[in-house]
Amino acid sequence: MTTATARAFPNIALVKYWGKRDEELILPVAGSLSLTLDAFPTTTTVTLASESHEDSFSLGGRIATGETAARVTRFLDHVRTLAGSDARAHVVSTNEAPTGAGLASSAAGFAALATAASAAYGLDLDKPALSRLARRGSGSAARSIVPGVAAWHAGHDDSTSFAEPVDAPEMHMVIVTVDTAQKAVSSREAMRRTAATSPFYPAWITSTEQSLADMIDACAAGDFTRIGEITESHALRMHAVIQACEPPIRYLAPASVAVFDAVAALRAQGIEGYATADAGPNVAVIVRPEHGEALRDALSDFGSARLVGPGPGAALLADARSETPA
Ligand code: PMV
């Protein structure tokens, strides 16, 4: 029996990934950049089960079925192809973030699964190869392989589309959870609809490449203010291109918009934060480390506000990999 356990943390994009150029390989239409967090990890154990005829997947103590389980099996099929194995696997995962609420649980989930499954199947992958593998499960997972700030370059094919670390000034984040309900439209479906129907989509693609170039310059210059300005305007652009779909999709709730407004008001008072939101109503605010606690306290009226810092990349847990004769 071969078992491996890995832990990965979610990341929040400052330059968003929204749209696929290739659905099968999960190649994005543009690059993106994120901060991997030090909270809300997913821990996943993969155990090869040669005697089984099918994979099993349990999430938070419940056996998953339907599309959730099928997605894990498709991912494991890819790992099996790389490893030249036909062994089925038992996957047991626990997730400290509310699943499906726009807190990047799929990013931590597939980064942990890629790391654990590649070890359990005996693949020896370097970080770029692990990032490419995680990308096949969920695009944003490519970035959770990397600690701290990660740039996922769009690349032009499977081998060139992976995330790597970027030097940046230290940033903290306040995660304001205004709603923990599962989102109504998955990011996969919403990306498809955006590409097919949003008239702003071509401008989104070209402006995102520009935002990424500007963001990488701002990170290199250590310019927190510029990083924040790009973060906030890019998030609102993503929500604009999504809201322009037919039929429209709106992820931001009134409470989310209220947090954006509060963050702007706090900036005017000298607490420097900038808001962003993924495909859900919750808001993440990047903040200078010295303003983190004041921002968290000021935003706690809007929902649970948690102050987090930069986190580690996905990693195998020590002593968790064991091999014993079957
Ligand atoms: O990895 P996915 O398919 O769940 O897409 C995530 C997309 C956003 O979270 C909205 C943006 C991003 O770059 O993480």
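Order of appearance sets the numbers: ligands from 1, and atoms from 1 within every ligand.
Annotation: ring pair (Phe, Tyr, Trp, His ring centres under 6.0 Å) contacts of His234 (sequence neighbours excluded): Trp204. Annotation: side-chain contact (heavy atoms from CB on, under 4.5 Å) contacts of Ala134 (sequence neighbours excluded): Ala114, Ala141, Ile145.
Heavy-atom distances between Arg188 and ligand 1 stay at or above 4.0 Å for every pair. At a 4.0 Å cut-off, not a single heavy atom of Ala107 sits close enough to ligand 1 to count as contact. Heavy-atom separations between Ser32 and ligand 1 are all 4.0 Å or longer.
Contacts of Ser140 with ligand 1, taken as heavy-atom pairs under 4.0 Å, involve both backbone and side chain.
Using a 3.5 Å distance cut-off with no hydrogens or angles, the side chains of Arg143 and Ser34 do pair a donor with an acceptor.
Atoms of ligand 1 found under 4.0 Å from any heavy atom of Met191 (numbered from 1 in listed order, with element): 3 (O), 5 (O), 7 (C). Interface of Ser106 with ligand 1, defined as ligand atoms under 4.0 Å from a residue heavy atom, comprises 4 (O). Distances below 4.0 Å separate heavy atoms of Ser138 from the following atoms of ligand 1: 1 (O), 2 (P), 3 (O), 4 (O). Close approach to Ala13 involves these atoms of ligand 1, each under 4.0 Å from a residue heavy atom: 12 (C), 13 (O), 14 (O). Remark: ligand 1 atoms within the under-4.0 Å shell around heavy atoms of Ala279 are 10 (C).
At distances below 3.5 Å, not a single donor-acceptor pair connects side-chain atoms of Arg132 with backbone N or O atoms of Ser161. A donor-acceptor contact shorter than 3.5 Å links the side chain of His291 to the backbone of Glu272.
The pair Arg80-Asp77 counts as a salt bridge, with a side-chain nitrogen and a carboxylate oxygen less than 4.0 angstrom apart.
Counting heavy atoms of neighbouring residues, nucleotides and ligands inside a 6.0 Å radius, atom CZ of Phe200 does not exceed 12 of them.
Residue Ser187 places at least one N or O, backbone or side chain, under 3.5 Å from an N or O of ligand 1. By the 3.5 Å distance cut-off applied to N or O atoms, Arg143 is counted among the residues near ligand 1. Ligand 1 has no nitrogen or oxygen under 3.5 angstrom from a nitrogen or oxygen of Asn11. At a 3.5 angstrom cut-off on N or O pairs, Lys20 does not count as close to ligand 1.
Taking the six-membered ring where the residue is Trp, the centroids of Tyr17 and Trp152 are separated by under 6.0 Å.
The heavy-atom pair separating Ala129 from Leu125 by the smallest distance is CB-CB, 3.9 Å.
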